[in-house]
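Only a predicted model underlies this, so the values are computations on that prediction, with no experimental measurement involved.
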Amino acid sequence: MNRSWIYIMVGALFEVFWVIGFKHADDWVTWLGTVISLFISFTLIIIASTKLPVGTVYAVFTGLGTGGTVLVEMFLFDEPVRLAKLLLIALLLAGVLGLKLVGGSSDSKEVAH
């Protein structure tokens, strides 16, 4: 796995933090963490998109972020756990994995790290 894919995964993790922060931040410390997470997330995605196809980067980033956000909401913030949600997240993650496997490089732009 090259560095760009790691940037996407870490960026998606920080996406979960800032999305959750938008809903649950209630003081300046949590808002600061939310803003820092937003900055880190988008910086990593911008860097990754210089080496990988932007459509693939965005789809994987939002897919992982969406799945992560839904799971965090269910397990940490008492959002109802429903089998249908879990199955749809699994389907979403299968699509993300498929994009990584088939859309991994854009010929001349991709450099293995």
Side-chain angles (χ1 to χ4, degrees):
M1 178 180 318
N2 70 38
R3 197 173 297 158
S4 296
W5 286 104
I6 294 169
Y7 291 157
I8 294 169
M9 288 188 282
V10 174
L13 178 67
F14 278 96
E15 180 188 18
V16 172
F17 294 151
W18 66 257
V19 170
I20 296 294
F22 278 163
K23 181 174 181 181
H24 297 285
D26 57 3
D27 59 20
W28 73 270
V29 174
T30 53
W31 276 110
L32 180 62
T34 299
V35 171
I36 290 170
S37 295
L38 181 70
F39 177 78
I40 292 169
S41 175
F42 278 97
T43 299
L44 292 173
I45 295 314
I46 290 167
I47 293 168
S49 67
T50 64
K51 304 288 184 191
L52 296 171
V54 71
T56 301
V57 169
Y58 185 69
V60 172
F61 169 72
T62 57
L64 291 174
T66 300
T69 301
V70 171
L71 290 174
V72 168
E73 282 286 314
M74 284 193 293
F75 295 114
L76 295 182
F77 297 106
D78 297 325
E79 181 74 22
V81 178
R82 294 196 171 98
L83 180 59
K85 274 188 185 181
L86 296 175
L87 292 174
L88 290 169
I89 291 171
L91 181 62
L92 179 67
L93 294 178
V96 165
L97 180 61
L99 281 172
K100 187 211 179 301
L101 294 174
V102 300
S105 68
S106 60
D107 300 333
S108 64
K109 287 177 71 177
E110 179 64 37
V111 177
H113 294 277

Inset, instruction - Check whether Leu87 and Leu93 end up in the same hydrophobic cluster, where Ile, Leu, Val, Met, Phe, Trp and Tyr are linked by side-chain heavy atoms less than 4.5 Å apart. - result: no

Inset, instruction - Before giving the answer on side chain to side chain contact (heavy atoms under 4.5 Å, CB included), spell out for Leu52 and Trp5 the whole-Å C-alpha distance, their side-chain angles and the decisive distance to 0.1 Å. - result: CA-CA 9 Å; Leu52 296 171; Trp5 286 104; 3.6 Å; yes

Legend entry - Over all atoms of both residues, closest heavy-atom pair of Ala48 and Tyr7: CB-CB, 4.1 Å

Legend entry - Single-linkage hydrophobic cluster Val70~Val60, side-chain heavy atoms < 4.5 angstrom: yes

Legend entry - Exercise: identify the closest heavy-atom pair between Asp26 and Thr30: N-OG1, 3.0 Å

Inset, instruction - Check whether Val19 and Ile40 end up in the same hydrophobic cluster, where Ile, Leu, Val, Met, Phe, Trp and Tyr are linked by side-chain heavy atoms less than 4.5 Å apart. - result: no

Inset, instruction - Work out which heavy atom in Ser49 is nearest to a heavy atom in Val54; give both atom names and the distance. - result: CB-CG2, 4.1 Å

Inset, instruction - First locate atom CG of Leu86, then atom CE of Met74, and finally report the distance between them rounded to the nearest 0.5 Å. - result: 4.5 Å

Legend entry - ILVMFWY network linking Val16 to Ile6, side-chain heavy atoms under 4.5 angstrom: no

Legend entry - Non-hydrogen side-chain atoms of Lys51 and Arg3 separated by less than 4.5 Å: no

Legend entry - Heavy-atom donor-acceptor pair, Thr34 side chain to Trp18 backbone, under 3.5 Å: no

Legend entry - Nearest-0.5 Å distance, CG of residue Leu92 to CG of residue Leu64: 7.5 Å

Inset, instruction - Sort and list the pairs that fulfil salt bridge (Lys or Arg N to Asp or Glu O under 4.0 Å) and have at least one residue in residues 62-77, not counting sequence neighbours. - result: Lys23-Glu73

Inset, instruction - Enter the distance from Ile36:CD1 to Phe14:CZ here, rounded to the nearest 0.5 Å. - result: 9.5 Å

Legend entry - Whether Phe77 and His24 hold their rings parallel, tilted or perpendicular, with breakpoints at 30° and 60°: parallel

Legend entry - Atom pair CG (Leu44) and CD1 (Ile8), whose distance is rounded to the nearest 0.5 Å: 10.0 Å

Legend entry - Linked, directly or transitively: Leu71 and Ile20 (ILVMFWY side chains, under 4.5 Å): no

Inset, instruction - Indicate yes or no for a side-chain donor-acceptor contact from Thr50 to the backbone of Ile47 under 3.5 Å, with no hydrogens or angles considered. - result: yes

Legend entry - Heavy-atom side-chain contact between Phe17 and Ser41 under 4.5 Å: no

Legend entry - Euclidean distance, Thr62 OG1 relative to Ile45 CD1, rounded to 0.5 Å: 9.5 Å

Legend entry - Residues that Phe39 engages under ring-ring contact (aromatic ring centres under 6.0 Å, His included), provided they are two or more places apart: none

Legend entry - Spacing of CZ belonging to Phe22 relative to OG belonging to Ser37, to within rounding of 0.5 Å: 10.0 Å

